[in-house]
Protein chains: 2
Amino acid sequence: MPKVSDQALALRRHEILDGARQCFSEFGYEGATVSRLETATGKSRGAIFHHFGSKEGLFLALAEDDAASMAEIAESSGLVEVMRDIVAHPDKHEWLGTRLEIARKLRSDAEFRFKWLEHQDRLDEAVQQRLLQTSSSGSLRGDYSVRTMQLFLELILDGIIVRLASGRSVEELDIVLDLVEDSVRRNTK
Amino acid sequence: MPKVSDQALALRRHEILDGARQCFSEFGYEGATVSRLETATGKSRGAIFHHFGSKEGLFLALAEDDAASMAEIAESSGLVEVMRDIVAHPDKHEWLGTRLEIARKLRSDAEFRFKWLEHQDRLDEAVQQRLLQTSSSGSLRGDYSVRTMQLFLELILDGIIVRLASGRSVEELDIVLDLVEDSVRRNTK
C-alpha cells in the first residue's frame with residue numbers, strides 16, 4: 001500500500017524537521033552536530049541523511065519551510081504581518097537566529113547561496129506581489145518604487161531577527177512596526 | 001622617558017587592533033584563532049594578551065572602537081549618515097558581519113553581553129541626543145516617540161549589516177535610506 005508508506009515517510013520527514021529546528025535553535029548551525037541532531041530528532045543519522053542528504057540539506061529544508069509559511073502570511077497580509085507575528089511570539093521564532101550564523105557561509109559558499117536564494121524566492125515574490133497589489137489600490141506612497149519599499153521591509157525583518165537572536169527585548173517593536181507601516185503608506189499624517 | 005614608552009604602547013595597541021580587525025573579518029569570531037591573530041597582527045600571543053587580556057577582550061576593544069567612531073558621526077549627522085557610509089564603502093565595513101556571529105554569545109553569556117552593551121551605550125546616547133535635538137528643532141515627525149524612531153533606525157542598521165555580511169548587494173540601499181530619512185521626518189510629502 002504505497003499510500004500508507006508515503007504517509008509514514010511524510011510523517012517521519014516532519015518529525016525530523018521539528019526536532020532539527022529545536023536542535024539548530026539551541027546549538028546553532030555549527031553546534032548542531034549529527035549526534036545532537038540524532039538525539040533531538042530521535043532518528044538515526046541514516047534516517048536523517050536518507051531524507052535530507054546532509055546537515056546542510058536539512059538546514060535548507062527548514063529554511064524552505066520558513067520561507068513558505070512566511071510567504072503565505074505575506075501574500076495575504078504583507079511582510080509587516082510576518083514581523084508582527086515574530087514580535088508577538090518571539091519564542092516560536094527563536095530558531096530564526098541561525099540565519100545570522102550562516103551569513104558567512106552564504107557569502108563564501110556559492111552553491112549554498114544559490115540553494116538558499118532559490119528557497120527565498122517564493123517569499124520575495126509573495127512580498128513583491130502584495131506590494132504591487134497594495135500599490136495599485138492606491139494605498140502605498142508613490143514617491144518610492146515597490147522595489148525600494150520591498151528592500152526597506154526586508155531590512156527591518158533582518159533587523160528584528162538580529163535583535164531576537166542577540167537576546168534583546170522585542171517588546172517595544174510593535175509600535176516600531178506601526179511606524180514602518182506608516183512609512184510605506186500613502187500619507188495620511 | 002615614559003612619554004615615548006606610552007606612545008610606543010599606544011602604537012602597538014593600534015597595530016594589534018588593525019590586524020585583528022582584518023583577521024576577525026576574514027575568519028569570523030570563532031575562526032580567528034590565537035595563532036591566526038598572531039599572524040595577522042605580527043605580534044606574539046604574549047603581546048596581544050598583555051594589551052587585551054583575551055581574544056574576547058580584543059574583540060570587545062574593536063567593538064568599542066566602532067561604537068566610538070559611529071557615535072561621532074551619529075552625533076554630528078545622525079545614524080542614517082553612519083548607514084550611508086557603510087553602504088558607500090562596504091569593503092571598509094566588512095568586519096561588521098562578525099557582529100552576527102556573536103549574537104548567540106550575547107544571548108547566552110551574561111558577562112559578555114554586559115561588557116558589549118556598555119560599549120554600545122555611547123552610540124545609543126549619541127543617537128538619542130541627535131534625535132532629541134532634531135526633534136526639538138521641529139524636523140522630526142511628532143506622532144512617534146524619539147525612542148520608537150531610535151529603535152526603528154537601529155533595526156535598519158542591523159538589517160544593513162545582515163545584508164552586507166551575507167554578501168548581498170548594498171548598492172540599492174542608498175535610495176532605501178532616503179525612504180528611511182523621510183519616514184522619521186516631519187511630513188513634507
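So you know, we letter chains A, B, ... as the sequences are listed, proteins then strands, and number each from 1.
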Notebook entry, point to check: If you round to the nearest 0.5 Å, how far is CD1 of B:Ile161 from CG of A:Asp158?
Noted result: 11.0 Å
Next item on the list: Drop me the distance from A:Leu173's CG to B:Leu151's CG, to the nearest 0.5 angstrom.
Entry: 6.0 Å
Notebook entry, point to check: What part of B:Phe112 is in contact with chain A, defined as an atom under 4.5 angstrom from a non-hydrogen atom: side chain, backbone, both or neither?
Noted result: neither
Notebook entry, point to check: When only pairs under 4.5 Å are counted, which of A:Ser108, A:Ala165, A:Gly167 shares the most heavy-atom pairs with chain B?
Noted result: A:Ala165
Next item on the list: Heavy-atom distances under 4.5 Å only: say whether A:Tyr29 touches chain B with side chain, backbone, both or neither.
Entry: neither
Item checked: Verdict with reasoning, B:Ile175 to A:Arg147, per side-chain contact (heavy atoms from CB on, under 4.5 Å) -> CA-CA 10 Å; B:Ile175 179 92; A:Arg147 168 78 183 154; over 6 Å; no
Next item on the list: Answer with side chain, backbone, both or neither: which region of A:Glu30 has an atom nearer than 4.5 Å to a non-hydrogen atom of chain B?
Entry: neither
Checklist line | Basic-acidic side-chain contact under 4.0 Å: A:Glu26, B:Arg104 | finding: no
Note to self: Could you see if A:Phe27 belongs to whatever hydrophobic cluster contains A:Leu58? Use Ile, Leu, Val, Met, Phe, Trp, Tyr and a side-chain cutoff under 4.5 Å.
What the structure shows: no
Check: With only heavy atoms counted, which part of B:Ser145 is less than 4.5 Å from chain A, the side chain, the backbone, both or neither?
Finding: neither
Check: Taking everything shown except B:Gln22 itself, do over 12 heavy atoms lie less than 6.0 Å from its CD?
Finding: no
Notebook entry, point to check: Taking every heavy-atom pair that is under 4.5 Å apart, which of B:Val176, B:Ile160, B:Leu106 has the most such pairs with chain A?
Noted result: B:Val176
Notebook entry, point to check: More than 12 heavy atoms of other residues, nucleotides or ligands under 6.0 Å from CZ of A:Arg12: is that the case?
Noted result: no
Item checked: Which portion of B:Arg168 sits near chain A, non-hydrogen atoms under 4.5 angstrom -> side chain
Notebook entry, point to check: If you draw a 6.0 Å radius around CD in A:Glu75, do more than 12 non-hydrogen atoms from other residues or ligands fall strictly inside?
Noted result: yes
Next item on the list: With rounding to the nearest 0.5 Å, note down the distance linking CD in B:Glu101 to CD in A:Glu101.
Entry: 9.0 Å
Notebook entry, point to check: Do other residues, nucleotides or ligands put more than 12 heavy atoms under 6.0 Å from B:Gln133 CD?
Noted result: yes
Notebook entry, point to check: Between B:Leu179, B:Leu155, B:Thr148, which residue shows the highest count of heavy-atom pairs closer than 4.5 Å to chain A?
Noted result: B:Leu179
Notebook entry, point to check: Looking at CZ of B:Phe152 and CG of A:Leu177, how far apart are the two atoms once the value is rounded to the nearest 0.5 Å?
Noted result: 10.0 Å
Notebook entry, point to check: CH2 of B:Trp116 to OG of A:Ser166: how many Å apart, nearest 0.5 Å?
Noted result: 9.0 Å
Checklist line | Heavy-atom proximity to chain B below 4.5 Å, by part of A:Tyr144 | finding: side chain
